[in-house]
Amino acid sequence: MKNIFSLSDKIIKLAKKAEEDIKDKFEAIDENSFYNHMKVQKAFSDNKISTEYFIATSGYGYDDQGRDSLDNVYAGAFGCEAALVRPNIVSGTHALTVMLFAVLRPGDKLLSVTGTPYDTLKGVISGTGNGSLADFGISFEKVDLKNGRPDYEGIKKALSDKRIKAVFIQRSKGYEFRPSIDIATTKELCGFIKSVKPDVYTLVDNCYGEFVEKKEPVSAGADLMAGSLIKNPGGGLAPTGGYIAGKKKLTALAADRLTAPGIGLECGCNFGLIKQLYQGFYMAPHIVAQSLKTSLFCAAVAKRLSYEICPDTEEVRTDIIQAIRFRTREKVIAFCRGLQKGSPVDSHVEPIPWAMPGYSDEVIMAAGAFNQGASIEISADAPMREPYACYMQGGLTYESGKLAVMLAFDSVLSLDE
Ligand SMILES: *Cc1c(COP(=O)(O)O)cnc(C)c1O
């Protein structure tokens, strides 16, 4: 085979061995993907999706059947009562913000049971003067994980505060080097929370988690969840958007918050993007499988190079993220630069760390995606802080993911020369 990318002998050999290490795990990923595809196909069939649903709407978007049916398709596939799927939800952070403001009212308190929420939620929870939860008199408390597991004793204690209206669970690890919260744990956690305080709402940040397992948090006991369409459920085809899904009553509140009280689900045109949203969701189980294989491959290569990884190749996966602890700033930068070389867009560009809006430390991002910042596409990012862990995710095809990961590690290996 011709070495088109001048990959080193070392990485070629390493990749071969790494692939042998994980071959048997690909079967389980395919099986999971087939199951999730059946859920999606069932939702398409049940909702009798037809060509007229793909018509572009403008203005108010009254009676946009495509939009309303897409909500139902998401709800059906996710196993919940209702969903709100919109191209005018600008990001995951926006979807999560809508979810939080939908449920919380002045005087209420939000309790995070998975430690500090994702970096971009900091300003949402405690920003000053710009309309954060804190500005509306909504307080916040967190219970950290204990050895990567929910601290049930700590949670029980914290729940004694009568002001707590909602509990926040972040499924994916974000920029923490910890195991993600899998569906079995979510089920146990939601059951526990309701047993201590039955009237509390359980809200899940489901970013990066969709279709990784056979169930979603809302069919495992959570009341509401939110995520981004340029991650898993957009299947790489949705150019933008977000969703909120769960209990019907709460989804309606989220719609009222996204548009206006009283308008809720009635308004919101589809900008002509509706077919991409449908097709992306249809592709999503398969695309998620591709990115899971890419993550597993990345983990196997890193393991052979003796880097600390999270999750390990042998652990259960509940999101598409692979964390690698490089320990030095130089290696993180080298990894991201190598990965960028294997990206479809801007492969000639060198990523550099910068002060991104919403993040407290400088962040480096390898993101050569068709849709700007889409992390269901091959991407890696890292906050520039100890212990210099890099978070890799995505890959629309295993082939592209594998090549990008090989280029990334080759770039790291070249530092030792
Ligand atoms: C990506 C992500 C977010 C925020 O999503 P954006 O689209 O970047 O705003 C929130 N939480 C987690 C766990 C994420 O992975």
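Read the numbers this way: they start at 1 and go in the same order the structure lists the ligands and their atoms.
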### Query
With backbone taken as N, CA, C and O and side chain as the heavy atoms from C-beta onward, which portion of Thr93 lies under 4.0 Å from ligand 1: side chain, backbone, both, or neither?
both

### Task
Check ligand 1 against Ser91 and write out every atom of the ligand that is under 4.0 Å from a heavy-atom position of the residue.
7 (O), 9 (O)

### Task
Side-chain contact test, heavy atoms from C-beta onward, threshold under 4.5 Å: evaluate it for Glu210 versus Phe281 and give yes or no.
no

### Query
Does NZ or CZ of Arg329 fall inside the cone over Tyr388's six-membered ring, less than 6.0 Å from its centre and within 45° of the axis?
no

### With Asp223, the salt bridge (Lys or Arg N to Asp or Glu O under 4.0 Å) member among Lys249, Lys248, Lys194
Lys194

### Task
Number the atoms of ligand 1 from 1 as they appear, then name those within less than 4.0 Å of a heavy atom of Tyr208, with their elements.
15 (O)

### Query
For ligand 1, which atoms, with element, lie under 4.0 Å from some heavy atom of Gly92?
5 (O), 6 (P), 7 (O), 9 (O)

#### Entry: Flag if over 12 foreign heavy atoms under 6.0 Å of NZ, Lys303
yes

### Message
Which residue and atom name correspond to the protein heavy atom nearest atom 11 (N) of ligand 1, and how close is it?
### Response
Asp205 OD2, 2.6 Å

### Task
Might you work through the side-chain hydrogen bond (donor to acceptor under 3.5 Å, both in side chains) test for Glu213 and Thr318, ending with a clear yes or no?
CA-CA 6 Å; Glu213 295 195 61; Thr318 193; 2.6 Å; yes

### Message
Using a 3.5 Å cut-off on N or O atoms only, is His94 in polar contact with ligand 1?
### Response
no

### Query
Under a 4.0 Å heavy-atom limit, does Leu96 contact ligand 1 with its side chain, its backbone, both, or neither?
side chain

### Query
Under 6.0 Å between ring centres, would you say that holds for Phe78 and Phe211?
yes

### Message
I'd like to check whether Tyr118 has a polar contact with ligand 1, where a contact means an N/O of the residue lying under 3.5 Å from an N/O of the ligand.
### Response
no

### Message
Check this for me: Gln372, atom CD, are more than 12 non-hydrogen atoms of other residues, nucleotides or ligands nearer than 6.0 Å?
### Response
no

### Message
So for ligand 1, is Gly174 a polar contact partner (N or O within less than 3.5 Å, distance only)?
### Response
no

### Query
Does a sphere of radius 6.0 Å around NZ in Lys25 hold more than 12 heavy atoms from other residues, nucleotides or ligands, not counting ones at 6.0 Å or beyond?
yes

### Message
Counting only nitrogen or oxygen atoms and a 3.5 angstrom limit, does Thr120 reach ligand 1?
### Response
no

### Query
Does ligand 1 have any atom that is closer than 4.0 Å to a heavy atom of Lys231?
yes

